[in-house]
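Report on the following structure.
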Amino acid sequence: AFFGEGKEKPIVLHFDGSKKVEETIKAIQILSNEGFVPCLENTVGVEDRTLSRTYIERYIEVLLKSPGARAVIDVPRLWCNKNGPVEEALSRLAFILGALSGKDSPIILHLIDAKDESQERESWCPLGQGIIPWADVGATFRAAGVKVDMAILEYEDTASAKDSFSFLE
């Protein structure tokens with residue numbers, strides 16, 4: 001077994017906004033019934049602005065209808081050009097956090113920065129050295145009053161992770 005006896009067993013699922021909300025809720029319930037803590041990560045989205053908003057609304061709906069599920073907020077994904085205009089990323093984040101602010105479970109953050117909106121591996125860089133306005137992101141989290149339980153730094157090198165530490169405080 002991977003998890004120790006009596007330990008919490010969190011499992012991260014990537015949200016698929018094209019699926020019916022009920023399908024995802026059912027999957028979360030199955031995991032919960034098996035003793036896991038389902039953690040749902042926001043979707044990459046699509047370039048269509050309306051559909052991207054629909055996917056975000058479905059993501060929120062699933063989390064609000066699944067009391068035991070935790071949100072995994074992939075913050076950089078909101079700045080990806082596949083999620084609609086990058087200029088609207090901060091308002092997308094505020095919308096998600098506002099909707100989840102009454103949820104009791106803490107949020108898990110998935111973090112990375114990139115030099116451009118494509119967010120291809122070649123453009124990854126330490127937090128604060130790319131396109132994401134981390135000071136504004138932090139202010140948005142504080143304003144929403146959500147609890148953050150954990151941060152995942154997606155870097156493949158330790159230097160970028162280490163250079164990102166100052167943004168985590």
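Positions are given from 1 along the sequence. Values below: every heavy atom of this structure, side chains too, minus hydrogens, waters and symmetry copies.
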(request) Could you list the residues that satisfy side-chain contact (heavy atoms from CB on, under 4.5 Å) with Asn33, not counting sequence neighbours? (result)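 Once residues adjacent in sequence are excluded, Asn33 has no partner under the side-chain contact (heavy atoms from CB on, under 4.5 Å) criterion.
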(request) Taking side-chain contact (heavy atoms from CB on, under 4.5 Å) as the test, write out the residues that go with Glu8, two or more places apart. (result)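 Applying side-chain contact (heavy atoms from CB on, under 4.5 Å) to Glu8 gives Pro10, Val37, Arg70.
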(message) Once rounded to the nearest 0.5 Å, what's the spacing between atom CG of Asp163 and atom CZ of Phe165?
(response)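 Reported value, rounded in 0.5 Å steps: 9.0 Å.
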(message) With rounding to the nearest 0.5 angstrom, report the CG to CG distance, Leu109 to Leu168.
(response)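 Going from the CG atom of Leu109 to the CG atom of Leu168 covers 8.5 Å.
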List the atom pairs, donor and acceptor, that lie under 3.5 Å between side-chain atoms in residues 124-147 and the rest of the protein, sequence neighbours left out.
residue : atom : partner : partner atom : Å
Trp124  : NE1  : Gln119  : O            : 3.2
Trp134  : NE1  : Asp113  : OD2          : 2.9
Thr140  : OG1  : Asp136  : O            : 2.8
Arg142  : NH1  : Gly138  : O            : 3.3
Lys147  : NZ   : Asp104  : O            : 2.8

(request) Would you list the pairs meeting salt bridge (Lys or Arg N to Asp or Glu O under 4.0 Å) in which at least one residue belongs to residues 55-67, sequence neighbours left out? (result)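 Every salt bridge (Lys or Arg N to Asp or Glu O under 4.0 Å) pair that includes a residue of residues 55-67, provided the two are not neighbours, is Arg53-Glu57, Glu61-Lys65.
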(request) Check whether any side-chain heavy atom of Phe36 sits under 4.5 Å from a side-chain heavy atom of Ile11, and report yes or no. (result)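 Answer yes - side chains close enough.
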(message) What I'd like to find out is whether the side chain of Ile28 reaches to under 4.5 Å of the side chain of Leu40, using heavy atoms alone.
(response)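 Counting from C-beta outward, Ile28 and Leu40 do come under 4.5 Å.
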(request) Treating Ile, Leu, Val, Met, Phe, Trp and Tyr as nodes and any side-chain heavy-atom pair under 4.5 angstrom as an edge, say whether Ile30 and Ile25 lie in one connected cluster. (result)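 Different clusters: Ile30 never reaches Ile25 through Ile, Leu, Val, Met, Phe, Trp or Tyr contacts under 4.5 Å.
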(request) Scan for side chain to side chain donor-acceptor pair (under 3.5 Å) pairs involving residues 15-32, sequence neighbours excluded, and state none if there are none. (result)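 Sorted pair list: Asp16-Ser18.
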(message) For Asp74, is there any backbone N or O sitting under 3.5 Å from a side-chain donor or acceptor partner on Asn42?
(response)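 Yes: the side chain of Asn42 pairs with the backbone of Asp74.
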(request) List, by chain and number, the other hydrophobic cluster members for Ile108, where Ile, Leu, Val, Met, Phe, Trp and Tyr join if side-chain heavy atoms come within less than 4.5 Å, directly or indirectly. (result)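 Other cluster members: Val12, Val72, Met150, Ile152.
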(request) Determine the minimum heavy-atom distance between Pro106 and Val148, stating which atoms define it. (result)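 Nearest heavy atoms, Pro106 then Val148: CB-C, 4.4 Å.
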